[in-house]
Number of protein chains: 2
Amino acid sequence: MVSRLTAPRTRKAPAERRDEILRTAARIALGEGLELITVRRVAEELDVRPGLISHYFPSAEEMVSEAFSRAALGELETLLPRASGAPLERLRTFFRRSEGEGYLALSRLWLNARHTSRFRPRLQAAVEQQEGIMRDRLLDLVRDGVASGAFHCEDPMQATLEILVVIDGMGSYANASDRFWHPSLDGMMTRAAERVLGLQAGALQG
Amino acid sequence: MVSRLTAPRTRKAPAERRDEILRTAARIALGEGLELITVRRVAEELDVRPGLISHYFPSAEEMVSEAFSRAALGELETLLPRASGAPLERLRTFFRRSEGEGYLALSRLWLNARHTSRFRPRLQAAVEQQEGIMRDRLLDLVRDGVASGAFHCEDPMQATLEILVVIDGMGSYANASDRFWHPSLDGMMTRAAERVLGLQAGALQG
DNA sequence: AGTGCTATTGGTCACATGTCCAATAAACGT
DNA sequence: ACGTTTATTGGACATGTGACCAATAGCACT
């Protein structure tokens, strides 16, 4: 009597399998980095053979790009969900969440993608698309706030870009050990936002 | 009669050879990225066998880290040389140079190093060391300016960090195609510096 | 129950990487 | 001129990557 040496195949609908692959890849991207997304690694996590991954993604770069988009978009929905409450409160929520652990992983992912996109055209396109989505999302928020009188600024797009630059600047340090630290680093993002949106100091904190 | 198949060996002093290797690696880092620094690639550029590179750098990561330090430090000396003229003029020179082509390569290198340092402890240490050097250099400049009355700010360290965050934020976009563009992106760095240093608008431009 | 479609397997292939080592030859001192 | 030191070579090895493909077997439909 021999026990089966190979587990019975589980055969899934293409759409479901594809989604499963991307979900796994996105998780790896967020937790360990885009270069850890390999055909073999994803296959192992899903307990299938590597060839199957190649079947759904003939180009590995395509898988990595889509995984990034999925991860970035998913996190954006958590950090800055579409239209939900007053602009000031929405922004406050965003900055509050940008202190959590999940945000560090997201910052690392962006850093990862922005560098890696140098060599990967499809990833570069995905990065620019996600940047556009993030920018539009924040721009809408700023405009809403200006319209309702909560924010005050002359050029909403300029205000948006100034906030994003500070966010991305702080994100540059996501992989640094925190050997260096200075009090002013803490409120850096909120201070920038308060300034360009004509809010009083501390309006976006706590 | 046979022509020699192998070129005669050129035997150099260890210090010279080591320096030659690092110079080559630093050039590759700045022009093509840290991941292009491979034992074989450097060997080819110097027209020696790969084994020789391993002889001088038993660990490839060590070579990459030192190459980054060399490249970053070299560029810093060009952009923000130690004590040379009045603070305002030195800063103006820095921002003027940060529009050139070489600066784009440097921004890419920093992005590269900050991401890659996630997986390479020695590179991470090198990045933080170079960040410290850059920070100190700028902090000295700010303090000089405040002392001479050219700049006005309450906390020189905070002013320094705010400038650096904007510089690094803009650097995040170094690998993006310039499909998106907005007028406010141009003066972003100088505007931030002018603001935190109590300068009038445009004082650091042109 | 039988049949066709195709998701899935298992294996191969070419390529690039870092690391290591015995043999060689260039440069130097005697 | 001869030895000695050691910089340098040439090659091997293990590992990890993406890509590719014929054969297999699960599932839906008839």
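Nucleotides of DNA chain C nearest to B/G51 and A/D47 differ in position, and the one nearer the 5' end is that of A/D47. Between B/I37 and B/R11, the residue anchored closer to the 5' end of DNA chain C is B/I37, taking for each the nucleotide with the nearest heavy atom.
Rounded to whole Å, atom P of C/dT12 lies 16 Å from atom CZ of A/R49. In this structure, B/R18 places its CZ atom 17 Å from C1' of D/dT8, rounding to the nearest Å. The nearest whole Å value for the distance from the CG atom in B/L52 to the C1' atom in D/dT6 is 12 Å. Here the C1' atom of nucleotide C/dT19 and the CD atom of B/E61 are 14 Å apart, to the nearest Å.
Between the side chain of B/R40 and the base of C/dG18, a donor-acceptor pair under 3.5 Å is found. Counting atom types as modelled, B/R9 pairs no side-chain N or O with a base atom of D/dT9 as donor and acceptor under 3.5 Å.
Listed by chain and number, the residues in a side-chain contact (heavy atoms from CB on, under 4.5 Å) with A/T24 are A/R27, A/I28, A/V42, A/E45, A/L46 (sequence neighbours excluded).
For A/W110 and A/F68, the distance between ring centers is under 6.0 angstrom.
A/P50 comes within 4.0 angstrom of no nucleic acid atom, judged by non-hydrogen atoms across all strands.
Nearest to the side chain of A/H55, among C/dA7, C/dG18, D/dA7, sits C/dA7. Here the nucleotide nearest the side chain of A/T38, chosen from D/dT17, D/dT8, C/dG18, is D/dT17. When distances run from any side-chain atom of B/S54 to the nucleotides C/dT19, D/dT8, C/dT17, the shortest one goes to C/dT19.
Side chains of A/R179 and A/S177: a donor-acceptor N/O pair is present below 3.5 angstrom, by distance only. Side-chain polar atoms of A/D168 and B/Y173 form a donor-acceptor pair below 3.5 angstrom.
Summary of helix geometry: the two end axes of the helix from C/dA1-D/dT30 to C/dT30-D/dA1, each defined by five base pairs via their C1' atoms, are inclined to each other by 0° (rounded to 10°).
Residue A/Y56 places at least one side-chain N or O closer than 4.0 Å to OP1 or OP2 of C/dT8.
Under the 3.5 Å distance criterion, the side-chain polar atoms of A/S117 are left unmatched by any main-chain donor or acceptor of A/R120.
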